[in-house]
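This structure is a prediction, so every number in the text was calculated from the model and none was measured.
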Amino acid sequence: MDVLAGLVPTLVAVLLLAAIALFGLTAARVPQASAPLWAILRGAAQLAALSLVLAGILGNPLLVAAGLVVMFAAAVYTVARRIRADRRQTAAIGAAMIAGNLAVLIIVFSTGAIEFSPRYALAIGGIVIGNTMSIATLTGRTFHTSVRDHWDEVEGWLALGATPLESTRLLARTAIHSALVPSIDQTKTTGVVVLPGAFVGAIFGGASPLEAGRFQIVVLASILAAGTITATLLLRLIGAVSQKPAPEIFATRKVRTA
């Protein structure tokens, strides 16, 4: 009972914050205004389940590996759904993300920058997978929109004899840059504007500020490296466009305009 009573303030705060997001988006007539509310509820349920699972797997390398595989599969599925990928593109998303994540984890653990243990493998792996998911989503959506909006230019390049990949090369570069901007800005402003979660978590876990800072800079560098590999490889694999993409559907219902 004491544990449940201690959760009441958290539940109240989370519900109030979710209500603010729902009310603000509804008042502005933004499509899918309830999406943040459902995301918060789903995230809370998943974190509760994860907390129970982690207590039993942190000491078991095989279970940690299985947990990372599940995280990775869910991340690939999320990206594929967001960019409306077909089977071939979904395979490309998986290949790009696994390349980025594996390269980073091999470097981080083989150099000794982070201790190779189930606990740290789960922490670093989960953070990097989550961020490469976001970067892959931003890359795919930005590229898709840019090709559609600049189709006359792409079609002109194709008419001049350029390959589908060559005709979208400049748009792909812009999409990659745009997708990496949030991670770059977070890294540049760490300690000045941003107190990243890994740093705060390490401090709360009892690590010294120096140790927490060392851990955080490794995490930030890992995100940028994995994101770069993922974004560039993804558009290398799906960037050959020979016909105009279909318009994206951002809402399933018609939205009234003021």
Side-chain angles (χ1 to χ4, degrees), residues 18 21 31-54 57 62-106 118 121-148 172 175-176 178-180 182-183 197 219 222-241 245-253:
Q32 299 182 359
S34 63
L37 172 62
W38 292 117
I40 291 170
L41 293 177
R42 178 174 172 175
Q46 290 172 175
L47 283 174
L50 179 63
S51 298
L52 295 175
V53 171
L54 287 182
I57 73 170
L62 292 179
L63 291 179
V64 167
L68 288 173
V69 170
V70 172
M71 289 182 190
F72 182 81
V76 171
Y77 170 78
T78 300
V79 176
R81 184 168 54 86
R82 285 295 187 187
I83 71 172
R84 304 161 68 91
D86 56 26
R87 288 186 179 180
R88 183 188 67 82
Q89 292 171 334
T90 299
I93 293 167
M97 288 183 63
I98 200 168
N101 282 271
L102 279 181
V104 161
L105 294 178
I106 288 172
L122 185 64
I124 295 290
I127 292 171
V128 175
I129 288 171
N131 280 272
T132 52
M133 177 186 71
S134 299
I135 291 170
T137 298
L138 287 173
T139 301
R141 288 175 67 88
T142 303
F143 177 71
H144 183 277
T145 302
S146 296
V147 171
R148 193 180 67 246
I176 293 168
S178 297
L180 289 171
S183 298
V219 168
S222 298
I223 292 170
L224 286 175
T228 298
I229 294 172
T230 298
T232 53
L233 183 56
L234 175 61
L235 292 192
R236 181 71 182 179
L237 294 173
I238 71 170
V241 179
E248 293 182 33
I249 301 174
F250 292 102
T252 57
R253 60 182 178 86

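More than 12 non-hydrogen atoms from other residues, nucleotides or ligands lie less than 6.0 angstrom from CZ of Arg88. Annotation: Arg236, atom CZ; neighbour count of heavy atoms from other residues, nucleotides and ligands within 6.0 Å does not exceed 12.
Every residue two or more places apart in sequence or in another chain that forms a side chain to side chain contact (heavy atoms under 4.5 Å, CB included) with Ile229 is listed here: Ala99, Ala103. Every side chain to side chain contact (heavy atoms under 4.5 Å, CB included) that Ala85 has, sequence neighbours left out, goes to Ala80, Ile83, Gln89, Thr90, Ile93.
With rounding to the nearest 0.5 Å, the separation of CG in Leu237 from CG in Leu233 is 4.5 Å. Going from atom OG of Ser183 over to atom CG of Asn131 covers 5.5 Å, rounded to the nearest 0.5 Å. To the nearest 0.5 angstrom, Thr228 atom OG1 is 11.5 Å from Ile223 atom CD1. Note that CG of Leu102 and CE of Met97 are 11.0 Å apart. Values are rounded to the nearest 0.5 Å.
Closest approach of Leu138 and Pro182 over heavy atoms only: CD1-CG, 4.3 Å. For the pair Thr142 and Ser178, the tightest heavy-atom approach, listed with the atom from each and the gap, is CG2-CB, 4.3 Å. The two residues Phe143 and Ile238 have their closest heavy-atom pair at CE2-O, 4.2 Å. In this structure, Ala175 and Leu235 approach most closely via the heavy-atom pair CB-CD1, 4.0 Å. Closest heavy-atom contact between Ala136 and Leu234: O-CD2, 3.8 Å. Considering all non-hydrogen atoms of both residues, Pro36 and Ala21 come closest at CB-CB, 4.0 Å.
The backbone N or O of Arg141 sits nowhere less than 3.5 Å from a side-chain atom of Arg82 that would complete a donor-acceptor pair.
Screening Leu105, Leu68, Asn101 against Ile124 for a side-chain contact (heavy atoms from CB on, under 4.5 Å) leaves a single residue, Leu105.
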